[in-house]
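Here the structure comes first, spelled out in structure tokens, and everything after it is commentary.
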Amino acid sequence: MRRLTLWTIAGVLAFVGVGAVAAHWLSQPRTLTIAVGPAQSDEHRLIAQLAAILARENADMRLKPITVDSPLEAAQALQRRAVDLAIVRS
């Protein structure tokens, strides 16, 4: 009887531990990488400002701007799947 109680307690603690780890992992913010450029362009400043606001407000999502030399390079980075999003003006 005592062994059954110990195994039950161990099982419950293991279950709670797995639940705590899963909750912690799911609560972490997701990061999206965005190819944007050229540096000092309006688009680059906009994405950098948006990334700063999201980080300051502890949002569930973060932006990681990747600076490229031109909108064409941003589109190519998206095609290569090197980034999640690309800012490309036509």
Side-chain angles (χ1 to χ4, degrees):
M1 185 68 161
R2 183 175 174 145
R3 279 190 177 190
L4 180 61
T5 304
L6 289 176
W7 279 110
T8 303
I9 292 172
V12 169
L13 288 175
F15 186 73
V16 170
V18 168
V21 169
H24 176 70
W25 182 74
L26 290 173
S27 69
Q28 297 300 309
R30 304 292 175 248
T31 301
L32 292 175
T33 55
I34 301 179
V36 61
Q40 304 304 321
S41 66
D42 291 339
E43 295 84 6
H44 190 275
R45 285 192 291 272
L46 174 70
I47 296 301
Q49 187 67 27
L50 185 56
I53 290 170
L54 289 173
R56 183 180 67 232
E57 297 295 325
N58 293 321
D60 292 337
M61 180 178 58
R62 298 286 194 270
L63 299 179
K64 180 181 177 185
I66 305 296
T67 304
V68 294
D69 291 332
S70 69
L72 177 61
E73 286 185 31
Q76 290 169 343
L78 184 61
Q79 280 185 323
R80 290 190 316 268
R81 298 188 188 271
V83 294
D84 298 314
L85 301 168
I87 304 298
V88 179
R89 289 179 68 178
S90 57

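Along the sequence shown, residues are numbered consecutively beginning with 1. Only heavy atoms go into these numbers, but all of them, side chains included; no hydrogens, no water, no symmetry mates.
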Please tabulate, for the side chains in residues 61-72, all donor-acceptor contacts under 3.5 angstrom to protein atoms that are two or more places apart in sequence or on a different chain.
| from | atom 1 | to | atom 2 | distance (Å) |
| --- | --- | --- | --- | --- |
| Arg62 | NH1 | Ala59 | O | 2.6 |
| Thr67 | OG1 | His44 | NE2 | 2.8 |
| Ser70 | OG | Leu72 | N | 3.4 |
| Ser70 | OG | Glu73 | N | 3.2 |

Residue list, side chain to side chain donor-acceptor pair (under 3.5 Å) with Arg89, at least two apart or on another chain: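 Partners of Arg89 under the side chain to side chain donor-acceptor pair (under 3.5 Å) test: Glu43.
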Name each donor-acceptor pair under 3.5 Å that joins a side chain in residues 47-58 to protein atoms two or more places apart or in another chain, with its distance.
none

Among residues at least two apart in sequence or on other chains, which ones pass salt bridge (charged side-chain N to carboxylate O under 4.0 Å, His left out) with Asp42?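 Salt bridge (charged side-chain N to carboxylate O under 4.0 Å, His left out) check on Asp42 returns Arg45.
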Identify every side-chain donor-acceptor pair in residues 13-36 under 3.5 Å, counting partners at least two apart or on other chains, and give the distances.
| from | atom 1 | to | atom 2 | distance (Å) |
| --- | --- | --- | --- | --- |
| His24 | NE2 | Gln28 | NE2 | 3.4 |
| Ser27 | OG | Ala23 | O | 3.3 |
| Ser27 | OG | His24 | O | 2.9 |
| Gln28 | NE2 | His24 | O | 3.4 |
| Arg30 | NH1 | Gln28 | O | 3.0 |
| Thr33 | OG1 | Asp84 | N | 3.1 |
| Thr33 | OG1 | Asp84 | OD2 | 3.4 |

Test side-chain contact (heavy atoms from CB on, under 4.5 Å) applied to Arg80 - qualifying residues, sequence neighbours left out: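 Testing Arg80 for side-chain contact (heavy atoms from CB on, under 4.5 Å), a comparison that skips the adjacent residues, returns Gln76, Ala77, Ala82.
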